[in-house]
Number of protein chains: 4
Amino acid sequence: MRHKNNEKSRKIIAAATKIFAKKGFYKAKISEIAKEAGIADGTIYIYFKHKDDILIALFEEKMKEVLGNMKKQISLESDPFAKIERFAYFHLKLIEDNKDMAEIIQVELRQSSKFMKNYQNKKFAQYLDLIGDIIQEGKEKGLISQDIIPGIAKRAFFGALDEMSRFWVLSKRRKYDIETAARQISSYFINGMKN
Amino acid sequence: MRHKNNEKSRKIIAAATKIFAKKGFYKAKISEIAKEAGIADGTIYIYFKHKDDILIALFEEKMKEVLGNMKKQISLESDPFAKIERFAYFHLKLIEDNKDMAEIIQVELRQSSKFMKNYQNKKFAQYLDLIGDIIQEGKEKGLISQDIIPGIAKRAFFGALDEMSRFWVLSKRRKYDIETAARQISSYFINGMKN
Amino acid sequence: MRHKNNEKSRKIIAAATKIFAKKGFYKAKISEIAKEAGIADGTIYIYFKHKDDILIALFEEKMKEVLGNMKKQISLESDPFAKIERFAYFHLKLIEDNKDMAEIIQVELRQSSKFMKNYQNKKFAQYLDLIGDIIQEGKEKGLISQDIIPGIAKRAFFGALDEMSRFWVLSKRRKYDIETAARQISSYFINGMKN
Amino acid sequence: MRHKNNEKSRKIIAAATKIFAKKGFYKAKISEIAKEAGIADGTIYIYFKHKDDILIALFEEKMKEVLGNMKKQISLESDPFAKIERFAYFHLKLIEDNKDMAEIIQVELRQSSKFMKNYQNKKFAQYLDLIGDIIQEGKEKGLISQDIIPGIAKRAFFGALDEMSRFWVLSKRRKYDIETAARQISSYFINGMKN
DNA sequence: GATGAATGAGGGTTCATTCAT
DNA sequence: GATGAATGAACCCTCATTCAT
């Protein structure tokens with residue numbers, strides 16, 4: 001469905017990000033998104049076959065960007081523990097800098113399994129694997145205990161950060177600063193998984 | 001709105017739990033819930049003013065039960081670390097035993113801020129505080145480092161468990177058993193927060 | 001349908017009069033009428049088969065009373081012109097004293113032909129005929145011109161009074177007093193039909 | 001709400017006129033009106049926000065037309081009494097030629113104060129004032145007695161004509177011809193108000 | 001007779017999607 | 001490709017009426 005004219009496609013996704021974040025997927029109207037994007041309702045259907053597809057494309061695009069950025073950040077450190085701390089900080093920073101996107105991922109990602117039966121959220125799996133790989137590396141380097149199961153630990157760590165950011169997204173004010181929260185949360189896991 | 005006849009009220013909530021879990025709130029039809037409950041569509045409106053109210057009541061009821069159970073479980077242990085491990089185990093057990101409820105809380109709770117503007121999820125806050133109180137107790141007993149911020153740690157711990165159970169709820173098969181996951185996750189936090 | 005227990009029947013009609021006047025027939029709910037009457041919803045259906053029947057019974061009862069009163073008033077005068085003036089005065093007085101009833105007759109009587117296919121409004125015809133008979137008497141006594149067609153004049157006179165009272169019923173304040181309006185309107189007709 | 005496409009707007013009003021007249025406002029279904037207009041249900045909501053709005057627009061449009069026609073007719077006469085007679089004739093003629101519209105105004109206008117709380121029926125007031133102005137003119141020219149109160153007389157005259165036409169609209173056959181009725185009714189008022 | 005919880009048909013309204021221009 | 005008026009299926013909710021107690 002995606003045509004060559006990526007500019008308009010991106011404009012639609014940008015508008016949808018704003019509207020989905022404000023109203024939620026189900027309450028967001030195509031006409032609102034079109035208006036926000038400065039185009040006609042029908043034009044959206046030239047670029048996306050269904051309303052669902054906008055959300056999927058939105059995920060893909062945002063996650064691709066997020067994934068790329070995080071990979072770059074992690075590669076700047078060589079120590080697995082430093083990588084974990086950096087991951088925590090940039091994950092929370094990302095949320096801070098992209099409230100709308102964050103809110104959608106927080107809220108609508110959960111629903112994805114419902115209305116997008118066949119949508120395999122590969123990008124999200126890859127994001128989780130960034131953490132899994134760090135842990136694996138830590139185990140291989142003897143820094144992390146062999147008892148640690150990366151498949152559990154990566155989810156636990158992501159969940160910890162995610163819940164923290166959910167709290168921030170939904171409450172309007174931020175109680176703890178990003179550095180503090182990142183350091184706290186990464187310290188639980190670093191100390192908790194240490195050999 | 002709730003009448004004396006709690007039996008029917010509970011029957012509706014039970015039906016709604018099943019349908020909301022299967023379809024999600026927005027795709028769930030009142031007529032389906034009514035059919036599942038074995039009553040007429042209109043009967044639902046004797047007990048609930050709006051579709052939204054069913055979800056709110058559902059939250060309240062489930063959370064009340066969950067909260068009560070968890071309080072009891074925690075009180076069976078005196079050591080804060082044992083409490084944490086027990087919390088982890090029973091939280092995951094709860095999810096396992098109440099897949100439908102879990103899925104709704106996982107998925108729809110996120111949306112609550114969207115369609116229930118004025119719904120303050122007090123019960124959830126209390127649930128989080130169960131963890132916060134254990135951590136506080138641990139700090140007071142000198143078992144947990146003074147550096148630990150309970151407001152962050154309680155969310156991190158809940159988030160870790162929550163993401164784990166989300167994984168289980170959405171994927172149909174369970175990769176790790178409950179005991180293992182509970183022990184892993186609680187160990188990260190126990191070791192991570194230890195003095 | 002009407003049972004012996006006229007007391008309850010009248011209580012229902014009294015309540016319906018109030019509610020129909022306030023909301024109109026279609027927006028009035030049976031449950032509201034029942035509440036106003038201090039009885040259960042279902043009880044109404046012991047006395048009336050349908051919602052429509054309450055309105056019909058209401059008409060019948062009110063019109064019977066109105067008809068009786070007006071007959072008595074007219075009989076107090078012997079001069080046709082005096083009868084006309086008295087009719088005008090008491091018609092307007094009646095409206096004044098029975099705002100609710102008046103509003104229903106004003107508003108709902110018009111709709112009667114729609115939802116009460118088989119309801120022949122005999123009492124209203126008799127009320128009109130009170131005027132018609134006076135005019136006929138006036139013609140016979142040589143007071144009223146032979147050109148006057150009672151079938152037209154009775155409706156014109158009733159309509160004149162009716163429009164005046166409609167104005168009063170719908171606007172909350174009364175601009176002209178009853179005596180003035182009655183004297184004005186009857187004078188148009190008396191002078192207008194005079195031989 | 002009203003778009004540029006007045007053609008469709010008028011088509012909807014025409015269909016609504018027919019359906020409202022046949023069934024009454026409350027029993028008329030949007031789907032029926034849409035079918036009668038040869039459009040989809042939803043299309044109606046492009047032009048009118050609510051069912052009520054169709055009725056309001058219908059009034060406005062019809063009254064505007066009626067008002068314009070009557071103004072023209074009256075201006076053709078210079079003598080106030082001739083104006084009154086012409087008013088009577090054309091009012092009744094109008095009813096005759098627009099049975100559906102008449103029935104709606106007769107029946108539904110009465111309900112207007114109920115469901116259109118804030119709708120001020122200005123056009124109707126202007127219509128009444130056409131009569132009021134004639135009477136005022138008659139008084140100024142010394143043709144009509146100074147005792148006559150235009151505010152009462154205009155309503156009485158309109159009411160007389162209105163009741164007559166109501167009779168015609170509701171009974172299917174016409175007992176008296178228009179000319180006769182118009183001449184009778186106007187003569188009551190002309191002779192009745194004469195100086 | 002009285003109750004009021006339960007019923008379920010019915011209808012106004014929304015909005016994703018289409019398609020003629 | 002872009003438009004936006006038109007479509008019509010879908011669904012929440014109301015409320016007159018019923019009937020077991």
Side-chain angles (χ1 to χ4, degrees), chain A residues 3-5 7-9 25-35 37-54, chain B residues 3-5 7-9 12 26-35 37-54, chain C residues 3-5 7-9 25-35 37-54, chain D residues 3-5 7-9 12 26-35 37-54:
Chain A
H3 286 217
K4 301 113 206 179
N5 190 343
E7 204 219 319
K8 203 154 279 180
S9 183
F25 178 76
Y26 282 103
K27 291 206 165 175
K29 292 181 229 161
I30 288 290
S31 60
E32 265 182 305
I33 295 171
K35 200 180 171 188
I39 57 173
D41 293 20
T43 307
I44 288 182
Y45 287 85
I46 297 169
Y47 297 89
F48 301 93
K49 216 169 169 46
H50 304 287
K51 192 185 176 190
D52 289 5
D53 294 335
I54 304 175
Chain B
H3 285 214
K4 300 111 206 178
N5 190 343
E7 206 219 315
K8 200 151 285 179
S9 185
I12 293 167
Y26 283 103
K27 290 210 164 173
K29 286 177 254 168
I30 288 290
S31 60
E32 261 183 307
I33 296 172
K35 199 177 171 187
I39 57 173
D41 292 20
T43 307
I44 288 181
Y45 288 88
I46 298 172
Y47 296 89
F48 302 94
K49 223 170 166 38
H50 304 288
K51 194 185 173 191
D52 287 6
D53 293 336
I54 304 175
Chain C
H3 287 219
K4 300 112 206 178
N5 190 343
E7 204 220 317
K8 202 153 281 181
S9 185
F25 178 77
Y26 281 103
K27 292 207 165 174
K29 291 179 229 165
I30 288 290
S31 60
E32 263 182 306
I33 295 171
K35 198 179 171 187
I39 57 173
D41 294 20
T43 307
I44 288 181
Y45 287 86
I46 297 170
Y47 296 90
F48 301 94
K49 217 170 169 42
H50 304 286
K51 194 185 175 189
D52 289 4
D53 293 335
I54 304 175
Chain D
H3 284 216
K4 300 110 208 179
N5 190 344
E7 206 220 316
K8 200 149 285 177
S9 186
I12 293 167
Y26 283 104
K27 291 210 165 173
K29 286 177 251 166
I30 288 289
S31 60
E32 262 182 308
I33 295 171
K35 199 178 171 186
I39 57 174
D41 293 21
T43 306
I44 288 181
Y45 288 86
I46 298 173
Y47 296 90
F48 302 94
K49 222 169 168 40
H50 304 288
K51 195 184 174 191
D52 287 6
D53 294 335
I54 304 175

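In the text below, chain A, chain B and the rest are named by the order of the sequence lines, each starting its count at 1. Because the structure is predicted, anything quoted here is derived from the model rather than measured.
- In this structure, A/I39 places its CD1 atom 12 Å from P of F/dG1, rounding to the nearest Å.
- For the atom pair A/I54 CD1 and A/Y47 OH, the distance stands at 13.0 Å (nearest 0.5 Å).
- Rounded to an integer number of Å, the gap from CD1 of D/I46 to C1' of F/dA5 is 5 Å.
- Taking both residues in full, the closest heavy atoms of D/A34 and D/D41 are given as CB-OD1, 3.5 Å, listed atom of the first, atom of the second, then distance.
- Of all heavy-atom pairs between B/K51 and B/Y26, the closest is NZ-O, 3.6 Å.
- Between B/I12 atom CD1 and B/D53 atom CG the span is 11.5 Å, to the nearest 0.5 Å.
- Applying the 4.0 Å criterion to OP1 and OP2 of F/dA2, one finds that A/Y47 has a side-chain N or O inside that range.
- Scanning all heavy atoms of the two residues, the minimum distance from B/E32 to B/K27 falls at OE1-O, 4.1 Å.
- Pairing of F/dT3, defined by two Watson-Crick or G-U wobble distances under 3.5 Å, is identified with E/dA20.
- Here the P atom of nucleotide E/dC15 and the CD1 atom of A/I33 are 12 Å apart, to the nearest Å.
- Rounded to a whole Å, the CD1 atom of D/I44 is 12 Å from the C1' atom of F/dG8.
- In this entry E/dA9 has F/dT14 as its Watson-Crick or G-U wobble partner, both defining distances falling under 3.5 Å.
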Are there any protein N/O atoms within less than 3.5 Å of an N/O atom in nucleotides 16-19 of chain E, and if so, which ones and at what distance?
unit_1: E/dA16; atom_1: OP1; unit_2: A/A28; atom_2: O; d: 3.4
unit_1: E/dA16; atom_1: OP1; unit_2: A/K51; atom_2: NZ; d: 3.4
unit_1: E/dA16; atom_1: OP2; unit_2: A/I30; atom_2: N; d: 2.9
unit_1: E/dT17; atom_1: OP1; unit_2: A/H50; atom_2: ND1; d: 3.2
unit_1: E/dT17; atom_1: OP2; unit_2: A/Y45; atom_2: OH; d: 2.9
unit_1: E/dT17; atom_1: OP2; unit_2: A/K51; atom_2: N; d: 2.9

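- For the pair B/K8 NZ and F/dA20 C1', the interatomic distance rounds to 12 Å; values are reported in whole Å.
- The nearest heavy atom of DNA chain E to C/A40 and to B/G38 marks one nucleotide each, and the one closer to the 5' end goes with C/A40.
- Distance check, rounded to the nearest 0.5 Å: OG1 of A/T43 to CD1 of A/I30 gives 11.5 Å.
- Protein atom CZ of C/F48 is 15 Å distant from nucleotide atom C1' of E/dG1, rounded to whole Å.
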